[in-house]
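See below for the structure under consideration.
All chains are named by letter (A, B, ...) in the order of the sequence lines, taking the proteins before the strands, and each is independently numbered beginning at 1.
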Amino acid sequence: MDHKKALEGTNTTRGVIKTSFSEKCFSVFNYTFFIVMGLTTLLPFVNLIAKSLSSEGAVISGKVGLLPIGVQFETYKYVLQDSMFLNSLKVSIFLTIVGTACSLFLTTLTAYPLSKYRLRGRKGLLLIFVFTMLFSGGLIPTYLLMQNLNLVNSFPVLFLPAMVNVYNMLIIKNYFEGLPDELEESAKLDGAGNIRILVSVIVPLSLPVMATIGLFFAVAFWNDYFAAMIYITDPAIKPMQLYLKELLVSSSGDFLKDNVDAAINATPQSIQASSILLATIPILLVYPFLQKYFVKGVLVGSVKG
Amino acid sequence: MIKIKKSAVLAGILGFTLALSGCGGGGGGTTNTPAAQPSDTPASTPKDDGNKDTTAEKPGLRMIMQYGLFDPKTEYVAKYIQERTGFNVEYELLPAENADEKLNLLVSSKDNYDLVKLNAAQFYNLASAGALEPIDELLESHGNYIKQSIKQESFGSATIDGKIFGIPETGAGVSIGEELVVRQDWMDELGLATPTTADELYNVLKTIKEKKKVIPLTMSKDSLYGDIATTFGILTDWKEVDGKLVHRAEQPEMKEYITFMNKLYKEGLLDTETPINTAQKSIEKFSGGNAAMYKLAWWNAGTTIAALEKNFPDAKTSIIPYLKGKDGKAMVGAKANTTWYVAILKSSKNKEAAMEFLNAKMEPETFKGIALGKEGVHYEVKDEKYYPILPIFNDELSNASSFLTGVDEEKYPIYWQARVRKDPILQAHFEAFQKNAEGIIVVDPMSTAPPIEAVSKNLLKLTTMLDDNVLQFISGAKPIDAYDQFLAQWRAEGGADMVTAANEWFQSTK
C-alpha cells in the first residue's frame, strides 16, 4: 500500500502537496534499506582490495578490514608476472569478444524470421526453441557429443554450444515485433531484400536491445567456468574464471587436508585477493560504455505496442 | 543512398565490437595474441614429433594426473622426465573440483589414456569397475627398479583379490603434522610451567583465561583429535585392542575425551567458535594475539609465526611436547597409508610401454632428479642433509611431487625434506614435531590394508558423521548421554559392516 502511495506521490503531485508522515517514514526506511543493501555488496569488494594491498602477515592475522595494512604492491607484481594468470586472462578476453560477436550474430539471425507472423510453421519452430529451454540432453550425453565432434579440450567448445541463447533470442524477437511493419514495407518498395532490410533497417533501430543482449552475452562468457570445467583440461586454454576457481579451491582447507605437498604450496591469501580483483576489472570496465543502452534496452523491450 | 546507409550500419557494428574489445583492457594488441594461443598447441607438436624420431620406437603415452595449479607442458620436471626416460608423455590434469566425475568421464570415454594417478577411493572404484589392468606380470617382466624401491607390504595396499592393480605411492613416509603451540611470553609472564598432562593443561588454560582475557585454546573443526585426544588413547581411525581392530568411534575412551573437551568448552577455555573454525580462522586468532594456544600444523608454521612476530615483536612461542596419558606415557598416532596409486588402464594400447616408462622413472638417478633436481643447481648438500637452492627450487620443482609415480620408500622421505627446508621457521617446527614424536608414534594398523569394499564405501560418510557429532557433543549441542544412541546409528549406517570387514582382513594377516 505504502509503496503505491509513494509512487503516486512522486509521479503526480511532487512539490504540490506536502509529503505525509508515513511517506517520510517510507523514504527513510527505503534509503536505509538500500544503503545497507548497497554496502553489503560494496564492503566485501573494498575488503578484497584492502587485502590485496596488505602484507600477508596482516591478512592471515585477520587485521585487514576496509583499509590496507602494511601497503605493498608485490602481490600485483607477482600475479601480473604469473604466466598462468596472464594466459587465462588472454583466453577469457578473446573468448568474450569472439563469443559475444558470434552469439549476437546468430541470435539476431534466429530472432528476425521468428518475429515475422507470415513465417510458415512459426509456432512450431518457436515451440522447438522453447523446448530446449526446458529440457536438455544431460551432461554426459552432451559431453560425449562434444567428444565425438572432437571439440573436447579445444577453444571453440567454450562458445560453440552456447551460441544461441533462447531466452535472449526471445527478447530480441519481441523487440523486432515491436518495430512498425511500415518501415519494412517502405524498404521493400525501395527494392530491399530480406537481408538488406535486416541489416539496414532493423538492426540500426535495435541498437539498445543489441547492446543489452551483447552485455548479457559478454558477462555470461566472462563469468562462465562450468563449460571450461567440464570440457577443458589443457591449462593453455583455461579461461580466467576456471583458473580463479581452481586457485581458490586448491588453497582451501578441504583440498589441503591429507595432502602435505599441496599444503606447502598453498597460495597466500593476499595473492588470491589480487588475482580475484585483476580478473574482475576488465568486465567492470565494459559497463560504463554500455550503461546508456542498457537502461534504455531493458525498458524498451518490456513495453510493447 | 543505400550505399551510405550500409556503410553507416557496418560502422555501427564495427563500433560496437570495438567498444567491447576496447573495454577488454589491452585493446587490439591483446586480441591477436590469444588468437594464436589455441593454435600454439598444435604448433609445438612438430617439435615433439622431432623428439619422437630420435627416440625411435617409444610410443607417446597419455597420463591422467591429480589436480595441480600448473601447466604440465611447461614444467621443468616434465621435460626432465622426457629427457631421461625418452618417453613423450601428454599429461592431463583432473579439475580441482568434481575430480571424481571428470575421472569417470575420461576413463569411460575410452579416450586412449594409458596411465592414471589415483587417490585411494578412486583407485578402489576404478579397480572394482574393471577399468584397471592387473600389473603382476608386467611388474615381473619390466618392473625391476619399481620392485627394488617399493616394499612388499606397500604392494599389499594395491592388491585386490590377489592381483596388483597399481603402484602404491606412500609419499614422504610417516611424519607428524600437528602439535600444540603456546604463547611462551604469556606463560612466562604468568609463571606457568609447560603442561605435561591433560589436567595440567586444564589448569594452564584456566589461568590464562582468568589473567589474560583471551581465548585460551583455539581449535579448528577440521582437526578434532591430536594432542589432547591422545592422552585418552584416541589416536587414529583404527586401534588394535586385544588383537582386534576397533574404530575410534567405538572406543570407550571416546566418551571420556568428549566429556573433557565439553568441560573446556563450557568453561570458556576452548574457543566457542570451534564448531565453525577453519584452520585459517584459528590461525587468524592465534597470530592476531586473540588466542594463547593452537594445534599448529608445521606447514602453516612459517606464515603463522612470522605474522605473530610482526604483530607483536615481543611474542614468543614454544611447542608443548605430546602430553602424557593416564599411564604416564605419551603417545602420538600416525597414518602410513598409501596416498596415491598409479595404475595402467585396461583400455590402454601401450601397456608394456607404460610399465617401461614407470620403471624408468624409478631408476635411482632419474628418481633423485625428479625429487630434487640437479645438484648445485636446484639443491645442495649440507651436513648430509639436502637443502633447496632458492628461488630456482621453488620455481622449477614446487610441483615435482605431482609427477611422481611411486617413490623409493627408503630415500624419498630423506629427499623430500628439502621441501621443508625452504623456510627456517617451517623447518624448525617440522623437525621439533618429529623429534618430540620419536619413539612414541603408533601407526594406524589399517595403514597397509588393501582396499576393502565395506571400508572404502563407508569410510568417508562415517568419518564425516563422527566428526559432526563429536563437535556437537563438545559444544554441548547434544548431551553426552546421547553418545550411545549416536553410536547405534553410526553402526547401523555401515559402521558395523565396516568394523567386521576390517577385522576379517586383520585376522587374515596373522
Side-chain angles (χ1 to χ4, degrees), chain A residues 55-58 60-63 83-84 87 90-91 93-94 96-97 100-101 140 143-144 147 154-155 190 192 196 199-200 203-204 207 210-211 214 218 229-230 233-237 245-247 249-250 253 255 257-269 281-282 285-286 289-290, chain B residues 2 5-6 8-9 12-13 16-17 19-21 23-26 30-31 33-35 37-38 40-41 67 69-74 92-98 105 109 111 171-172 177 222 278-280 283-285 287-288 297 299 303-304 306-308 310-311 339 398-399 401-402 419 422:
Chain A
S55 67
E56 178 66 10
I60 70 162
S61 30
K63 291 205 175 309
S83 63
M84 284 192 76
N87 188 49
K90 278 182 203 162
V91 172
I93 292 175
F94 188 61
T96 306
I97 294 168
T100 308
I140 293 188
Y143 180 87
L144 292 176
Q147 195 184 30
S154 70
F155 180 72
D190 282 340
R196 159 84 56 201
V199 173
S200 309
V203 169
L207 282 184
M210 295 286 162
M229 187 181 84
I230 298 298
T233 47
D234 182 354
I237 47 172
K245 182 88 190 157
E246 293 182 344
L247 179 78
V249 171
S250 67
F255 188 83
K257 218 176 179 182
D258 303 328
N259 191 347
V260 169
D261 286 305
I264 302 182
N265 290 336
T267 313
Q269 286 179 52
I281 289 169
L285 292 179
V286 177
F289 287 93
L290 295 181
Chain B
I2 289 168
K5 252 189 186 172
K6 182 186 172 187
V9 171
I13 295 175
F16 174 66
T17 24
L20 261 183
S21 57
C23 307
T30 42
T31 324
T33 353
Q37 204 59 49
D40 254 5
T41 330
Y67 178 74
L69 199 63
F70 57 87
D71 184 348
K73 278 199 286 295
T74 57
E92 194 95 16
L93 301 183
L94 290 176
E97 274 189 315
N98 301 26
L105 266 180
S109 66
D111 201 7
D222 300 320
T278 54
Q280 194 183 322
I283 288 173
E284 198 176 299
K285 290 173 184 173
S287 64
W299 53 87
T303 43
T304 308
L308 176 72
K310 201 161 180 223
N311 292 331
T339 341
S398 275
N399 303 309
S401 53
S402 298
R419 292 171 188 277
K422 291 201 272 198

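Looking at S154(A), there are no atoms closer than 4.5 Å to chain B (heavy atoms on both sides), in backbone or side chain. For T278(B), no part lies under 4.5 angstrom from a heavy atom of chain A. For M229(A), the parts sitting under 4.5 Å from any heavy atom of chain B are the backbone and the side chain alike. Of the atoms belonging to T267(A), it is side-chain heavy atoms, and not backbone ones, that fall under 4.5 Å from chain B. Heavy atoms closer than 4.5 Å to chain A are found nowhere in K285(B), neither backbone nor side chain.
N265(A) contributes a side-chain N or O that, together with a main-chain N or O of S398(B), makes up a donor-acceptor pair within less than 3.5 Å.
Among P95(B), S402(B), S401(B), the residue with the largest count of heavy-atom pairs under 4.5 Å with chain A is S401(B). Contact tally against chain B (heavy-atom pairs below 4.5 Å) for P235(A), G57(A), S55(A), A58(A): the top residue is P235(A).
Remark: D261(A) CG to N399(B) CG distance equals 9.5 Å, nearest 0.5 Å. Interatomic distance, CD1 of I60(A) versus OG1 of T304(B), reported as 4.5 Å (0.5 Å rounding). Atom NZ of K63(A) is separated from atom NZ of K310(B) by 11.5 Å, given to the nearest 0.5 angstrom.
Looking at every heavy atom in both residues, A236(A) comes nearest to D71(B) through N-OD2, 4.1 Å. E246(A) and Y67(B) get closest at one heavy-atom pair: CB-OH, 2.8 Å.
Residues satisfying the salt bridge (Lys or Arg N to Asp or Glu O under 4.0 Å) test with E56(A), not counting sequence neighbours, are none. Take E92(B) and apply the side-chain hydrogen bond (donor to acceptor under 3.5 Å, both in side chains) test, not counting sequence neighbours, and it matches N153(A), T233(A), Y113(B).
Within the 4.5 Å cutoff, no side-chain heavy atoms of Q147(A) are placed close to those of L105(B).
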